[in-house]
Amino acid sequence: MSQRIRAGIWGVGSAVPERVLTNHDLEKMVETSDEWISTRTGIKERRISEPGEKTSDYAAAAARRALERAGVHPEELDLIIVATLTPDMFCPPTACIVQHKIGAVRAGAFDLSAACSGFVYGLDVAARGIEAGAYRRVLVIGADLLSHVTDYTDRSTCVLFGDGAGACVLGPVEEGGVLSTYLGADGSGGPKLTVPAYRSNEAAVNGAASREGTFIRMDGNEVFKFAVRVMPEAALEAVRRAGVAVEDVRLFIPHQANIRIIDAAAKRLGISGDRVFSNVHKYGNTSAASIPIALDEAVEQGRISPGDLVVLVGFGGGLTWAASVLQWTGERVPRA
Ligand code: COA
């Protein structure tokens with residue numbers, strides 16, 4: 001009998017803009033305060049891309065780092081998935097632009113739209129494809145420039161969001177890897193978080209679209225309640241499907257939206273703070289990029305070692321949620 005193929009992460013990378021927008025900068029833009037933002041969200045600063053920069057620029061930079069750490073050449077990739085709600089433009093898909101930028105000439109490429117849950121959705125598709133024997137090397141990217149859809153006159157949203165990208169290369173592994181995934185959606189809650197129309201960066205540069213209707217609008221309280229409920233539920237379901245126990249999980253890497261949401265979810269799961277990863281203070285909410293950026297930093301900081309159980313859990317527009325349990329296999333090319 002042939003042995004089951006398992007999928008795992010071979011390498012991780014991320015890329016964020018250099019420009020920092022602090023809470024104090026925002027105090028000059030809207031009626032807010034560092035104190036309000038810090039206590040309500042845990043965010044101190046976020047990264048903002050330069051005019052003319054595109055989601056694919058950061059996606060490609062994150063991808064190159066992930067490929068290096070995976071020891072994979074771009075031409076070896078079979079598939080590229082870019083999870084984003086801020087594509088460069090409607091067509092071509094950002095994944096195809098990235099494919100060209102990195103020279104992944106053999107790879108199929110498509111965009112995936114599942115808002116902040118998009119990266120874990122992509123991880124599921126990649127892992128299932130590898131397990132089925134359909135693909136051997138898959139690049140999954142979560143990339144968003146939320147500054148393109150943020151209304152910097154609306155204090156209830158503009159303090160929350162930032163820009164960035166994170167990427168993983170997946171391939172077959174002997175043991176461990178992606179133990180489980182769990183995806184969910186509730187379209188009835190869609191109106192709670194919307195971007196009614198999208199003004200692509202290209203259109204913005206050419207002045208081809210008005211800004212009306214192109215911003216994130218959100219019922220913050222409702223999304224907060226949804227997140228606090230769904231994060232622990234999704235994590236528990238992924239843990240159950242993996243056949244492991246919450247106590248055995250080394251690190252929880254939640255979507256970085258708000259430290260109060262992360263703390264409340266951790267409390268409901270009974271997880272101590274030292275087993276929860278957070279960098280929301282540095283980047284704010286970067287949507288599909290937040291989990292892979294956090295994973296990259298967790299690896300960089302030595303927070304996970306081969307054999308450790310890691311839970312990724314996200315939620316967002318849709319409404320959507322997604323969780324995955326990984327048994328960390330280590331990157332193919334160890335970091336210096
Ligand atoms: N600075 C100062 N005051 C602000 C403010 C800001 N940036 N934003 C809102 N306020 C005000 C409100 O106007 C309100 O004033 P009022 O009581 O006079 O009406 C007050 O602060 C409280 O607002 P409220 O919405 O109740 O605050 P909150 O504690 O719920 O925190 C969020 C607001 C947005 C931080 C919180 O609801 C949240 O994080 N929600 C989830 C958002 C999210 O994660 N979205 C992305 C999902 S992927």
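Note that ligands are numbered from 1 as they come in the structure, with each ligand's atoms numbered from 1 the same way. The structure displayed is predicted, hence computed values, not measured ones.
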Do any nitrogen or oxygen atoms of Thr32 come within less than 3.5 Å of a nitrogen or oxygen of ligand 1?
-> yes
Ion pair Arg4/Glu131, N-O distance below 4.0 Å = yes
Is the shortest side-chain N to carboxylate O distance from Arg268 to Glu233 below 4.0 Å?
-> no
Between Tyr283 and Gln256, do the side chains contain an N or O donor and an N or O acceptor separated by less than 3.5 Å?
-> no
Hey, are Glu331 and Arg335 close enough for a salt bridge, meaning a charged N less than 4.0 Å from a carboxylate O?
-> yes
Contacting atoms of ligand 1, where contact means under 4.0 angstrom from a heavy atom of Arg40 | 22 (C), 27 (O), 28 (P), 29 (O)
Atom 13 (O) of ligand 1: the protein heavy-atom neighbour that sits closest, reported with distance to 0.1 Å | Arg155 NH2, 3.1 Å
So which protein heavy atom does atom 45 (N) of ligand 1 come closest to, and at what separation?
-> Met218 SD, 3.0 Å
Within-cutoff protein neighbour (heavy atom, under 4.0 Å) for atom 21 (O) of ligand 1 = yes
Answer yes or no: is there an ion pair linking Arg303 with Asp274, defined by an N-O contact shorter than 4.0 Å?
-> no
N/O separation below 3.5 Å, Gly220 to ligand 1 = yes
Per-atom filter on ligand 1: closer than 4.0 angstrom to a heavy atom of Asn285 are 46 (C), 48 (S)
Examine the side chains of His24 and Glu27 and answer whether a donor and an acceptor come within less than 3.5 Å of each other.
-> yes
So, does Arg65 use its side chain to make a donor-acceptor pair with the main chain of Ser14 at under 3.5 Å?
-> yes
Do Ser290 and His255 meet the criterion of a side-chain donor-acceptor pair at a distance under 3.5 Å?
-> yes
In this structure, atom 36 (C) of ligand 1 is nearest to the protein heavy atom Phe224 CD1, 4.0 Å
So is Ser156 in contact with ligand 1, going by heavy-atom distances below 4.0 Å?
-> yes
For ligand 1, which atoms, with element, lie under 4.0 Å from some heavy atom of Leu193?
-> 47 (C)
Subset of ligand 1 atoms that lie under 4.0 Å from at least one heavy atom of Arg260 | 29 (O), 31 (O)
Quick note on ligand 1: atoms under 4.0 Å from a heavy atom of Asn221 include exactly 25 (O), 26 (O), 30 (O), 37 (O)
Between Asp263 and Lys267, is there a side-chain N and carboxylate O pair less than 4.0 Å apart?
-> no
Judging by distance only, is a nitrogen or oxygen of His255 under 3.5 angstrom from one on ligand 1?
-> no
Using distance alone, with no hydrogens and no angle criterion, decide if Asp144 and Thr84 have a side-chain donor and acceptor under 3.5 Å apart.
-> yes
Polar contact flag, side-chain donor to acceptor under 3.5 angstrom, Arg250-Ser305 = no
With Arg46 as partner, the option from Asn23, Asn285, Thr286, Thr22 fulfilling side chain to side chain donor-acceptor pair (under 3.5 Å) is Asn23
Looking only at N/O atoms, are Thr41 and ligand 1 under 3.5 Å apart anywhere?
-> no
Counting from 1 in the order shown, the ligand 1 atoms closer than 4.0 Å to a non-hydrogen atom of Ala257 are 44 (O)
Nearest protein heavy-atom contact for atom 39 (O) of ligand 1: which residue, which atom, what distance?
-> Asn258 ND2, 2.7 Å
Using a strict 4.0 Å cut-off to heavy atoms of Phe315, name the atoms of ligand 1 that fall inside it.
-> 47 (C), 48 (S)
Under-4.0 Å heavy-atom contact between protein and atom 9 (C) of ligand 1 | yes
State the atoms of ligand 1, each with its element, that fall below the 4.0 Å cut-off from a heavy-atom position in Cys116.
-> 48 (S)
Rounded to the nearest 0.5 Å, the CH2 atom of Trp10 sits from the CG atom of Leu139 at a distance of 13.0 Å
Considering only protein heavy atoms, determine whether one is less than 4.0 Å from atom 18 (O) of ligand 1.
-> no
With a 4.0 Å heavy-atom cut-off (strictly under), which part of Trp36 contacts ligand 1: side chain, backbone, both or neither?
-> side chain
